[in-house]
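Just so we're on the same page: letters track the sequence lines, and every chain starts at 1. Only heavy atoms go into these numbers, but all of them, side chains included; no hydrogens, no water, no symmetry mates.
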4 protein chains.
Amino acid sequence: MGYRFTDLTDACHDDWRAYLEHDFVRQLGAGTLDEGAFRHYLQQDYLFLIHFARAYALAAYKSRTLTDLRQAHEGLKAILDVELDLHVGYCREWGISEEMLAELPEARATMAYTRYVLDTGNRGDLLDLHVALAPCLVGYGEIANWLNAQAFTVRGETNPFEAWIAMYESEEFQSAMLAELEWLDARLAGIAPARFAELARVFRDATRLETDFWQMGLDRAI
Amino acid sequence: MGYRFTDLTDACHDDWRAYLEHDFVRQLGAGTLDEGAFRHYLQQDYLFLIHFARAYALAAYKSRTLTDLRQAHEGLKAILDVELDLHVGYCREWGISEEMLAELPEARATMAYTRYVLDTGNRGDLLDLHVALAPCLVGYGEIANWLNAQAFTVRGETNPFEAWIAMYESEEFQSAMLAELEWLDARLAGIAPARFAELARVFRDATRLETDFWQMGLDRAI
Amino acid sequence: MGYRFTDLTDACHDDWRAYLEHDFVRQLGAGTLDEGAFRHYLQQDYLFLIHFARAYALAAYKSRTLTDLRQAHEGLKAILDVELDLHVGYCREWGISEEMLAELPEARATMAYTRYVLDTGNRGDLLDLHVALAPCLVGYGEIANWLNAQAFTVRGETNPFEAWIAMYESEEFQSAMLAELEWLDARLAGIAPARFAELARVFRDATRLETDFWQMGLDRAI
Amino acid sequence: MGYRFTDLTDACHDDWRAYLEHDFVRQLGAGTLDEGAFRHYLQQDYLFLIHFARAYALAAYKSRTLTDLRQAHEGLKAILDVELDLHVGYCREWGISEEMLAELPEARATMAYTRYVLDTGNRGDLLDLHVALAPCLVGYGEIANWLNAQAFTVRGETNPFEAWIAMYESEEFQSAMLAELEWLDARLAGIAPARFAELARVFRDATRLETDFWQMGLDRAI
């Protein structure tokens, strides 16, 4: 009893670090990432966001309290009313038109992670779904913080990926991350070891699938 | 081929009229409805709304296009950001505090209709879900219009239920109803008779369960 | 921590006793139940069984282990390969043909309980689903045992409902009930109070909806 | 109107042929496939089967008729009562113990296809689910038939993979495939072009993900 989110990352420490410190991330921090790789990642991230909206909608459906329902709705609203537009605008700056986004084939890595999250949510309960989403929501915030602590990271206009880092270190994103950690810690505090083992498995699988998403970017894989 | 929403109401004509023209509705129009019955209805309608929010969330999860996803989200947002607050305020005017709402036991009729809608959505596709929701969204708009056409209907301050009628005849609600009818007609145009028979069954069952909701109000049943 | 199934029945003691000791049950035990009421119950129980098969299928879908998957499958197989046929045969003895069963309108009480179970399963996890099913699987076994302990109960050919009691006191049904209790106790042992409160709510609602099913029989209600 | 299963394969002709005639398949037919690659495929196919059992369970849950419910159950029963045991036995012959199977990490390609199928089933209706399963059920039967028509295929004891080919050309598997084709053709006959476009997308994605499963075998990828 008395588990916390850090017990999930401890339980798959190597997988978690491999995800946070992936070459894609390092090169993005150093400003040396191939622009085609970044562009490929950006496009798939657009499709990813749409399925993440579906995941928040599923969280709303699965909620037992008005508080959880409203929280899931805030996640959905943030994607549909803000993030998708930001993403479309950001893509435009990288030469990707909205028409191109609408025609994109979905990469295997995109399908693998998003459908894993959605099936995990349908199979289990709201906590399973949050744990499957955590490598994304918590991970991106941790990545921004980790990059800021690395000597190789270049900030400012000389790094073509400055806007990406700035978004995930922003107070808005960081406070969403902290709210999620608080929600997770509150639930993890009350579970038994057998339940923790199930969730640790979900978290590890989701982390591995997020790692594949970086690799897909580097490989420009479909 | 070439079905429309009116084919659904025609297929269960008597059930549909029994719902629209229920004694609860007539007494509400005439201003003669027992206030305790109305208060009971209002309270259960609050719980109903929460499950309707879950139904719109399920519709968002089930969407295949960004257009459908956004449309489902608008329904969810309308409930969570506007209607629930309006409802809480309206309940307050009728002497029902927010604390009372939070403690309410859920009536059988509330459980029956809402869970039928949600299981229909999970069992079938997005169209099944919309058809199960239609007696509510389309029905309430039609009821306001029907009441306005009846000689017995009393409008204005002398009718204690004036605000209820006014809400559902409002341009905002009526245009939401018309948008839903348009969505339904576009999908119904492309289905085969066997599929129509499935949907007609869903629509009839949902209509009967909505009728029970009126009766629950009259009976003050839990 | 350390909850058991009996904590669920204790948490809604009056509702649970009202279900087990309902007039429908008493009259069935005494052999005085109106035969039309029993016939109505039998017909709706046929529709009920079909949705229970869907509930076991949902349990199979939601399983995380091969053991849980096989257990859910045994429940589904028992309904589809044995119980439905027994039910059809039993209905025939009561003058209800298979054609009549296929044409039956589904009663409100049937829809309310079955859809509540199915939505509870989709909203929560495998344990929620089992708890929602428990008033049926565990309750019917307890009812047979309770009837056997009552002075008013008539056994043997003079009771037209002898076969019903015999089925639920049979070693086969009783051992299925005990297996379910064991499964539930194993999971309930590891949950925190907040989780128990959620499950107690599900169990109470499901028990009330099962009680309505008896009442529907007495009232011959559709 | 009047679509058939072959319209789905025609709509993604190149993807479908790439799946049926994949190098893994060719080498298996010729008896030249690396045994380690086959062993890797066999192990992942065991995990695959478990999720396929979940997919048939989902099909049972989503069924609207007793006929569809029984058909889905036959699929589930075949996997749990027959195929898994056969698979365990077959694995044993290839030096893979049941303990090894229980400990297996799930490969990305296994997660990607299985979760895509399950989410497609939850998002859409029973037909979406069947279409997502078709590359497996129909595809394996077609592959056996295609191999038998190729000059390079070696049959009999000299081909270490003889038992694999024999299983999928068996009358039992072929008649299951024909029954599925009949079921699909009956439903596809009644759909409109917009619905066909949705299903063609599902079929193409599922086919691509099945192709990845062969490639995973060749690459011995996790």
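Heavy-atom neighbours of D:Arg70 CZ from other residues, nucleotides or ligands within 6.0 Å: above the threshold of 12. Crowding of D:Glu172 atom CD: a count of heavy atoms from other residues, nucleotides or ligands under 6.0 Å not exceeding 12. Within a 6.0 Å sphere centred on CD of C:Glu98, other residues, nucleotides and ligands contribute 12 heavy atoms or fewer. Within 6.0 Å of the CD atom in C:Glu162, the count of heavy atoms belonging to other residues, nucleotides or ligands exceeds 12.
D:Leu69 touches chain C through backbone and side chain together, each having a heavy atom under 4.5 Å away.
Separation of atoms OH (D:Tyr61) and CG (C:Asn122) is listed at 4.5 Å; rounding is to 0.5 Å.
Among C:Leu58, C:Leu80, C:Leu118, C:Asp81, the residue with the largest count of heavy-atom pairs under 4.5 Å with chain D is C:Leu80.
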Fill in: Evaluation steps, side-chain contact (heavy atoms from CB on, under 4.5 Å), between C:Ile79 and D:His73
CA-CA 11 Å; C:Ile79 294 176; D:His73 176 239; over 6 Å; no

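When all heavy atoms are compared, the tightest approach of C:Ala60 to D:Ala57 is CB-CB, 3.5 Å. For the pair D:Lys77 and C:Lys77, the tightest heavy-atom approach, listed with the atom from each and the gap, is CD-CD, 3.6 Å.
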